[in-house]
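One structure is given below, encoded as structure tokens.
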Amino acid sequence: MVRYLVASFPWSSDVGDDIARTLGLTHATLETKQFPDGESYVRYPIDVSTYDGLILIQRAYPDQNTRLIQVMLATHAARDLGVKHIHIVLPYLPYSRQDRRFRDGEPISLQTMLSLFSSIGASSIITVDVHKPEAFRIANTQCINIEPFELYASRLGKMNNVVLLSPDVGSLWRVRKVSEYLGASFSYLEKFRDRVTGEVTMKPKELDVAGKEVFIIDDIIATGGTIIEATKILRSLGAVKIHAIATHCLLLNMADSRMFEAGVSSITCSNTIPTRYSEINVNNLIVNVIRGLLK
Ligand code: R5P
């Protein structure tokens, strides 16, 4: 029987507590500090070498560059100290949007991250609602993507006169899945992003949203540009209320204020990145996946 330890970084300890409590495992919070030159330091407060397996949990946003280095240091230390099975939980997976070479000369950053984790001993990477699950095909380590869509559906409940909307073709599968739980109608917009400036534009489209409430569902709200552009179109088509639901809310440059100004009535996010809008708790979904791995 493999003896597992749950270790989390301080800002992720609620996830660690939930996993450890439900599965009856020991939970330790890693010590962290930053050296004066900016380098990262991590330390297990208990003897990790007495465990065969480790569940390592890191909310890797904000400060993703530092937090990813912390995970790498902790993973490699555990491996070096003899831990054989290391499952890394990154509820939000930074660098996952750069999952292909959009312009010549670019890295496939997701591949870089996954290769690094694999090379230092990670047995698996577990995340929630990765930007494109099919991008995990390139991974040489086990990658598990948790879909939170049933939670979104339960939150929405059965409502009349509602349309679910994907702000682009890439997220249409998410909206379709939520709609399968609810039986609500759904549609999508066509989005274009300037790969150099990041600016978002959308093609106007006839949608049957007049007099209806619309729920825009996406994986990430970063600058808010996507939701704002979609909201402009929906308002011009007569939608009465527009809500935004996203798994990961980075909310850069006061994206939430700008979204409300544009006419968004509510923002709902999960707790992969804690914000004031994190009303959907995905911890139990993570616990269930870990339970499956420990069998
Ligand atoms: C991109 O395809 C993603 O699914 C999101 O739509 C995007 O990351 C949102 O970014 P922003 O809020 O900056 O428009």
Side-chain angles (χ1 to χ4, degrees), residues 59-62 64 90-103 106 108-111 113 127-136 138 145-149 152 163-179 186-205 207 214-235 242-270 272-278 280 282:
R59 280 205 176 95
Y61 188 88
Q64 60 272 46
L90 301 168
Y92 167 67
L93 183 59
Y95 291 96
S96 58
R97 282 182 290 176
Q98 183 75 20
D99 56 10
R100 63 190 167 99
R101 217 180 303 285
F102 297 97
R103 301 178 67 213
E106 291 179 343
I108 303 172
S109 308
L110 175 66
Q111 189 171 25
M113 289 299 138
T127 192
V128 181
D129 198 8
V130 70
H131 181 55
K132 276 198 205 106
E134 61 271 25
F136 278 158
I138 56 174
N145 181 45
I146 298 172
E147 295 185 357
F149 309 126
Y152 296 173
V163 176
L164 309 181
L165 185 87
S166 170
D168 53 30
V169 181
S171 260
L172 183 55
W173 66 277
R174 293 187 172 85
V175 172
R176 185 178 285 123
K177 286 204 171 182
V178 179
S179 111
F186 64 94
S187 192
Y188 67 97
L189 287 167
E190 281 177 66
K191 177 174 97 174
F192 307 92
R193 189 183 288 277
D194 184 313
R195 288 285 160 204
V196 179
T197 64
E199 196 192 341
V200 169
T201 49
M202 278 181 190
K203 197 162 147 188
K205 184 178 175 185
L207 294 170
V214 181
F215 289 83
I216 307 173
I217 300 174
D218 208 352
D219 55 334
I220 299 173
I221 301 174
T223 65
T226 298
I227 301 285
I228 290 169
E229 285 308 302
T231 299
K232 284 182 196 162
I233 292 177
L234 292 168
R235 288 188 67 176
I242 299 154
H243 307 273
I245 303 182
T247 307
H248 314 289
C249 285
L250 282 63
L251 300 177
L252 307 170
N253 309 324
M254 300 182 49
D256 47 347
S257 308
R258 288 184 290 104
M259 285 160 61
F260 290 133
E261 268 164 37
V264 171
S265 300
S266 72
I267 302 173
T268 306
C269 307
S270 85
T272 58
I273 298 169
T275 69
R276 63 207 294 198
Y277 309 105
S278 296
I280 295 176
V282 296

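For ligands, and for the atoms within them, numbers begin at 1 and follow the listed sequence. All residue numbers refer to positions in the sequence shown, counting from 1.
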Please name all residues satisfying salt bridge (Lys or Arg N to Asp or Glu O under 4.0 Å) with Asp129, sequence neighbours left out, ordered by chain then number. Arg174
Donor-acceptor pair, Thr127 side chain versus Asn145 backbone, under 3.5 Å? no
Strictly distance-based, threshold 3.5 Å: is any side-chain N or O of Lys132 a donor or acceptor partner for the main-chain N or O of Ser171? no
I'd like to check the side chain to side chain donor-acceptor pair (under 3.5 Å) partners of Gln98; sequence neighbours left out, ordered by chain and number. Glu106
With sequence neighbours left out, write down each residue that passes side chain to side chain contact (heavy atoms under 4.5 Å, CB included) with Pro274, or none if nothing qualifies. Arg59
Considering residues, nucleotides and ligands other than Tyr188, do more than 12 of their heavy atoms fall under 6.0 Å from its OH? no
Using a strict cut-off of under 4.0 Å between a residue heavy atom and any atom of ligand 1, list the qualifying protein residues by chain and number. Arg97, His131, Asp168, Lys191, Arg193, Asp218, Asp219, Ile220, Ile221, Ala222, Thr223, Gly224, Gly225, Thr226
